[in-house]
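Would you mind keeping the following structure in view while I ask a few things?
Note that the structure is predicted; figures quoted are calculated from it, not measured. Side-chain atoms are counted along with the backbone in the values below, which use heavy atoms only and exclude waters and symmetry mates.
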Amino acid sequence: MSLRDKLVDILPQLLPTHEEDAIKGTELIARVRAVLGNDYSDRSLRSQFSFIALEPDSFLARVENGQGYYLRTEEAAPSLHNMFAGEAAASRDGQDPLHIALALAVRLYDTAGMGVFVYPLEEEESWEHPDLIAVQWPAGTTDESGSYIFEDSADTTPHLRAVCVAVADDAESCRRAFFRTLSCSLGAQQAELLIIADEAESPDELTELATLYGVGIRIMSTDVTIAGTLPRADEIFRADAEHARALLAELPVATLAHPRFRERPLLTAQHRPATAAALQWAQSCIAKGRVEPYEMRVAVN
């Protein structure tokens with residue numbers, strides 16, 4: 001894959017969605033390196049940024065008469081995921097059970113006050129990174145503008161929870177989802193699997209495996225999504241916090257196991273470059289003393 005193709009694939013996940021939050025090329029390069037490593041020079045990356053920004057209908061926007069890049073979106077409200085960028089994608093995917101589960105997972109964490117870093121969809125599920133990472137922020141308060149400000153005395157270590165989402169129709173697919181979650185969580189302090197499945201199809205060994213490896217498991221009945229009683233996935237993404245909490249409170253979700261916390265990830269960011277992008281964002285927020293806007297939803301409700 002060429003450098004341009006790689007950038008087209010990852011940049012939408014590394015850019016802020018509003019012009020006022022635009023980041024300079026230096027910071028964008030740092031974010032790209034957290035994902036791609038140091039194989040490309042600053043000059044090569046800057047050149048590609050410029051070329052992509054000049055393309056018609058490019059997603060990469062440059063601040064006019066100023067410095068910085070941001071994500072050009074079709075709507076004023078940010079889309080939380082590349083699959084919801086525009087009405088066409090929403091109409092195609094809005095009732096897909098996996099997309100609904102992903103939307104519910106995001107709202108489960110962001111309405112609980114955690115930052116959410118969502119990875120782009122890929123043709124094949126990744127065993128290197130989870131579907132999303134939920135960040136447990138240090139202690140803080142919300143100011144008048146709604147921004148979350150960290151307390152000076154707070155522990156400045158961000159805690160990451162790797163979350164995988166799956167739809168399973170038999171015991172074998174349940175096992176596969178579990179071990180994928182385990183694999184994708186090696187760079188985080190916690191791991192959790194949100195799975196849509198028939199509880200009768202969920203093998204008892206899932207609970208045993210969860211206990212053994214410390215992976216949290218929540219099961220949502222397939223009846224919920226198949227019956228079409230839930231809002232569209234993109235509507236769940238964009239609902240305000242009050243409505244999202246009300247929806248989540250009504251869902252029949254069974255918790256089989258709670259995630260076990262480990263002080264240090266089993267693998268460092270160097271060995272898990274995909275996790276490094278989420279970690280860098282979280283550390284950048286903590287260094288600035290506040291939760292900075294990101295291209296994904298960052299809620300501290």
Side-chain angles (χ1 to χ4, degrees), residues 13 31 34-35 37 101-102 104-119 125-140 148 150-151 153-166 168 174-195 202-220 253-287 291 294 296-300:
Q13 319 309 317
R31 294 186 179 186
V35 179
L102 178 62
L104 290 170
V106 171
R107 303 317 310 274
L108 185 69
Y109 293 106
D110 77 357
T111 56
M114 302 179 77
V116 181
F117 184 107
V118 188
Y119 288 90
E125 60 186 9
S126 172
W127 286 63
E128 293 290 325
H129 66 73
D131 296 310
L132 64 92
I133 286 181
V135 181
Q136 181 64 61
W137 298 117
Y148 190 71
F150 302 124
E151 296 177 359
S153 59
D155 176 10
T156 58
T157 303
H159 296 152
L160 308 184
R161 182 180 300 183
V163 181
C164 286
V165 179
C174 285
R175 295 188 197 99
R176 177 181 175 85
F178 177 87
F179 284 106
R180 177 184 172 237
T181 304
L182 185 61
S183 172
C184 294
S185 68
L186 299 180
Q189 282 90 356
Q190 291 181 312
E192 190 160 41
L193 169 63
L194 176 64
I195 187 169
S202 174
D204 292 338
E205 69 183 277
L206 270 187
T207 304
E208 298 174 2
L209 289 170
T211 301
L212 179 62
Y213 292 105
V215 175
I217 299 180
R218 305 190 203 201
I219 292 186
M220 184 181 302
V253 179
T255 300
L256 296 188
H258 295 283
R260 186 185 306 153
F261 181 82
R262 50 191 178 225
E263 290 294 333
R264 297 180 181 276
L266 298 179
L267 292 179
T268 65
Q270 180 181 359
H271 296 95
R272 270 289 191 263
T275 307
L279 180 60
Q280 185 190 49
W281 165 63
Q283 290 175 333
S284 175
C285 290
I286 292 174
V291 176
Y294 201 67
M296 305 306 176
R297 183 187 300 273
V298 179
V300 284

Here the gap from Ser284 atom OG to Arg31 atom CZ, rounded to the nearest 0.5 Å, amounts to 6.5 Å
Tyr213 and Phe178 aromatic ring geometry - parallel, tilted or perpendicular at 30°/60° bounds =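 Phe178 and Tyr213: tilted rings.
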Q. Under 3.5 Å, is there a donor-acceptor pair between the side chain of Thr211 and the main chain of Thr207?
A.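 Checking the backbone N and O of Thr207 against the side chain of Thr211, a donor-acceptor pair under 3.5 Å is found.
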- Given side chains that start at C-beta, do those of Arg218 and Thr255 come closer than 4.5 Å, heavy atoms only?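 Heavy-atom side-chain distance check passes, below 4.5 Å.
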Per side chain to side chain contact (heavy atoms under 4.5 Å, CB included), Cys174 is matched among Leu206, Leu209, Ile219, Ile217 by Leu206
Closest heavy-atom contact between Trp137 and Gly113?
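Here Trp137 and Gly113 meet closest at CD1-O, 3.5 Å.
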Between Val253 and Met220, which heavy-atom pair has the shortest distance, and what is it?
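That closest heavy-atom pairing would be CG2-CE, 4.0 Å.
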Do any N or O atoms from the side chain of Arg260 and from the backbone of Ala191 form a donor-acceptor pair under 3.5 angstrom?
->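 Judged by distance alone, no pair lies under 3.5 Å.
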Checklist entry - Measuring from Leu256:CG to Glu208:CD, what's the distance to the nearest 0.5 Å? => result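 If we round to the nearest 0.5 Å, Leu256:CG and Glu208:CD are 11.5 Å apart.
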* Does some side-chain heavy atom of Phe261 sit less than 4.5 Å from a side-chain heavy atom of Gln136? ->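 Sidechains of Phe261 and Gln136: no contact.
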*Of all the heavy-atom pairs spanning Phe150 and Cys285, show the shortest one and how long it is.*
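So the minimum-distance heavy-atom pair works out to CE1-O, 3.5 Å.
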Item to check | Sub-4.5 Å side-chain heavy-atom contact between Asp131 and Arg180 | outcome: yes
Side-chain contact test, heavy atoms from C-beta onward, threshold under 4.5 Å: evaluate it for Arg175 versus Glu205 and give yes or no.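 Side-chain contact under 4.5 Å: yes.
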What is the minimum heavy-atom distance between Cys184 and Ala162, and which atoms define it?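 Distance-wise, the nearest heavy atoms are O-CB, 3.9 Å.
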Interatomic distance, His159 atom NE2 to Arg262 atom CZ [nearest 0.5 angstrom]: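 Those atoms lie 12.5 Å apart.
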Write down the atom of Ala168, the atom of Ile195, and the distance for their closest heavy-atom approach.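 Smallest interatomic distance, heavy atoms only, reads CB-CD1, 3.7 Å.
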On a heavy-atom basis, the closest approach of Leu194 and Ala105 is CD2-CB, 3.7 Å
### Task
Give a yes or no on whether the backbone of Ser185 and the side-chain of Arg161 come within a donor-acceptor separation of less than 3.5 Å.
no
